[in-house]
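Notes follow once the structure below has been shown.
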Amino acid sequence: MGRHHHRISGTTTPGAMGAGPSRTNPSDLTRRRLFGGAGAAVLAAALAGCTGGGQLAEKSASAGSGGGGLQWWDQFRPLTRMLQDDLFAPFMKAHPGVTVERRQMDAPDLGQALQVGRRSNQMPDVHSLAGLGGVSPAALVSEGWFQPIGKLADFAGSPVGELLYDGLHRFNGEVYSFPPFSGRWHEAVPWVNTAMLKQAGVDPEEEPGTWDKLREIARKVTTGNDSGAYGIVVPSKETEYLRALVERLAMAAGAPGPGNIDWATGDYVYDSQPYIDAIEFLVSLQKDKVVHPASASMGARDARARWAAGQAGIYLWGAWFIGGLRVDEPEAVERGVGTWHIPCPETTRNFVYSPPSSGTFWVSDQSKQARTAAELMLQMTTKEFQTSLAEAMDQPPALAAEVIGQAQVHDAYRTCVANFQEDVRIGPVPEVGNPGVWQVLAEMRDIHPNLGDIVQSVLTGASTDVGGQLRRFNDQISAERERALKVVREEKGVEVDLKAWVFGNWDRKKDYGQQDYAGR
């Protein structure tokens, strides 16, 4: 799931850390990678090196869209059985002669395979965008990566038709994708080992509510067990995880969102007090000696495995946590897992903000089976499939509020989705308000150290000047946006300015709906 620090999108994937201010445009680099030359042997090697171990419908996958079966590539390991049993198998039964071949890969492997597949004209028919470094779908649409699907299947008239946004799913009046997942989610859900908490004398049903209370519980867990376990694990190897975590904690401390922008002025807010407070909260956990000492060497999935092994009592991650456990560490689910609302600094609750869910699956422009692909994707919008999607316990489905009641899910997942309804509001997305914004974002050069880099440096002890680093980054990214705006206005003739990031009618307590863009 991917984005750069200055992008706004529905999902995240681990990103690479860089050192020092970058002078290179990541979008240009990506385009060079994606449009260079390569051959079938390179693609075969890339796929052979992938670690995802895709589970396939009926027969093994073969690379490329010309191999007979409809090729489908994605990163959703917890959805493997559900996709095969509730999407592919029924579709193939209803369409004799159609075979769907799926390859599931970890996000970095998927991104590599897509880059090589694009260059060698061996793209799958349908794929997600994980691992592509946060390149805007709008940029890929403009480069001719995809085929529109709105005239091939009735997505506008589907149950998710009202969730289709210009700039996210619809471009130049054509529907290219749709949101199978809900936008009402965040990546900082406290997941708890209920057995460990009980052993430490903590009632898992009692919400901590505040940061101080969470610290207190983490201390009790650390000292209240005889196995050497720690109160919390904070995987600090992946800067993208740290970026997302701090953004969500900052919103819980009162920062606007999504996108690190003050919607009243359009200014970046990385150097505001809520961001400082969020980082200092993570530092306070370390000072309390309640953080698993190997956290600095852990990625997000490594941390889940450590949590599942009983080495930590609390882990802040997304709704998909329990779905992944059920696939890879089911014994941890049997032992006991619970969840809480995201804690805030004080008892006063603040909302966490997410953008509308973006498109997840796209039909390649190289596909010779676009209509079949679109008809298959349309099945994901039905309430029956959305219920199955909920039961996979990954990111909540687009129709979560409608289907979660009848879905057979773990109580902790049901609680997590209910908490999202209370804690999360849908915020503005500049790309929706002005299509020129994505060109500015694509033009912006990456800045390092960015937010994730800064958090990592503080947690590893490499830096202590939190405020100073955040101010420098805020100044640098603000200047970079000004430069990018000038380029796209003067060299590309795009009508866009800083007002595209201003939403004067934004109400913190409400979702920012499609109708609100016209009234700003």
Side-chain angles (χ1 to χ4, degrees), residues 186-239 241-246 248-250 252-253 275-318 321 325 329 332 335-347 412 452 454-464 466:
H186 65 78
E187 309 95 324
V189 178
W191 293 98
V192 301
N193 178 326
T194 56
M196 188 180 293
L197 264 62
K198 291 176 182 177
Q199 184 184 16
V202 176
D203 181 1
E205 300 296 323
E206 184 177 340
E207 291 267 356
T210 67
W211 291 355
D212 284 344
K213 183 65 175 178
L214 185 68
R215 289 176 64 186
E216 178 185 332
I217 292 174
R219 288 193 294 267
K220 287 183 178 180
V221 172
T222 304
T223 59
N225 71 87
D226 53 11
S227 63
Y230 288 82
I232 192 168
V233 59
V234 183
S236 304
K237 181 180 179 181
E238 295 173 355
T239 56
Y241 171 87
L242 295 174
R243 176 203 59 75
L245 176 61
V246 166
R248 298 305 194 173
L249 291 174
Y275 281 82
I276 296 173
D277 292 345
I279 296 173
E280 290 182 345
F281 167 61
L282 296 180
V283 172
S284 72
L285 293 171
Q286 287 194 332
K287 290 181 177 178
D288 290 346
K289 300 186 185 305
V290 300
V291 178
H292 194 296
S295 290
S297 63
M298 293 185 204
R301 189 171 292 183
D302 302 326
R304 191 191 69 197
R306 297 289 191 109
W307 183 96
Q311 297 183 22
I314 305 169
Y315 181 19
L316 276 64
W317 208 18
F321 176 84
L325 283 178
E329 296 99 3
R335 180 190 62 211
V337 56
T339 188
W340 298 323
H341 290 273
I342 183 173
C344 298
E346 309 293 340
T347 55
I454 292 168
V455 178
Q456 186 182 64
S457 69
V458 172
L459 294 182
T460 57
S463 174
T464 58
V466 175

Distance-only, no hydrogens or angles: does the [X] side chain make a donor-acceptor pair with backbone N or O of [Y] under 3.5 Å?
X: Arg304; Y: Glu329; result: no
X: Ser236; Y: Val234; result: yes
X: Gln456; Y: Lys237; result: yes
X: Asn225; Y: Gly228; result: yes
X: Gln286; Y: Leu459; result: yes
X: Asp288; Y: Leu285; result: no
X: Trp340; Y: Trp191; result: no

[X] versus [Y], closest heavy-atom pair with distance:
X: Arg335; Y: Ala308; value: NH1-O, 2.8 Å
X: Pro190; Y: Pro343; value: CG-CD, 3.8 Å
X: Glu238; Y: Gly299; value: OE2-CA, 3.5 Å
X: Ala229; Y: Met196; value: CB-CE, 3.8 Å
X: Pro208; Y: Leu214; value: CB-N, 3.9 Å
X: Thr339; Y: Ala412; value: CG2-O, 3.2 Å

Within this structure, what is the [atom1]-[atom2] distance for the pair [X] and [Y], rounded to the nearest 0.5 Å?
X: Ile232; Y: Thr222; atom1: CD1; atom2: OG1; value: 9.5 Å
X: Leu316; Y: Leu249; atom1: CG; atom2: CG; value: 6.5 Å
X: Lys289; Y: Thr223; atom1: NZ; atom2: OG1; value: 14.0 Å
X: Leu197; Y: Glu205; atom1: CG; atom2: CD; value: 10.5 Å
X: Trp307; Y: His292; atom1: CH2; atom2: NE2; value: 13.5 Å
X: Glu187; Y: Ile342; atom1: CD; atom2: CD1; value: 9.0 Å

Would you call the rings of Tyr315 and Phe321 parallel, tilted or perpendicular, taking 30° and 60° as the class edges?
perpendicular

With sequence neighbours excluded, residues passing ring-ring contact (aromatic ring centres under 6.0 Å, His included) with His341
none

Do Thr347 and Thr210 touch side chain to side chain, with heavy atoms closer than 4.5 Å?
yes

Arg248 NZ/CZ over Trp317 ring centroid, <6.0 Å and within 45° of normal:
no

For atom CD of Glu280, decide whether the heavy atoms of other residues, nucleotides or ligands shown that lie under 6.0 angstrom number more than 12.
yes

Between Lys213 and Glu216, does at least one N-O distance fall below 4.0 Å, as a salt bridge requires?
yes

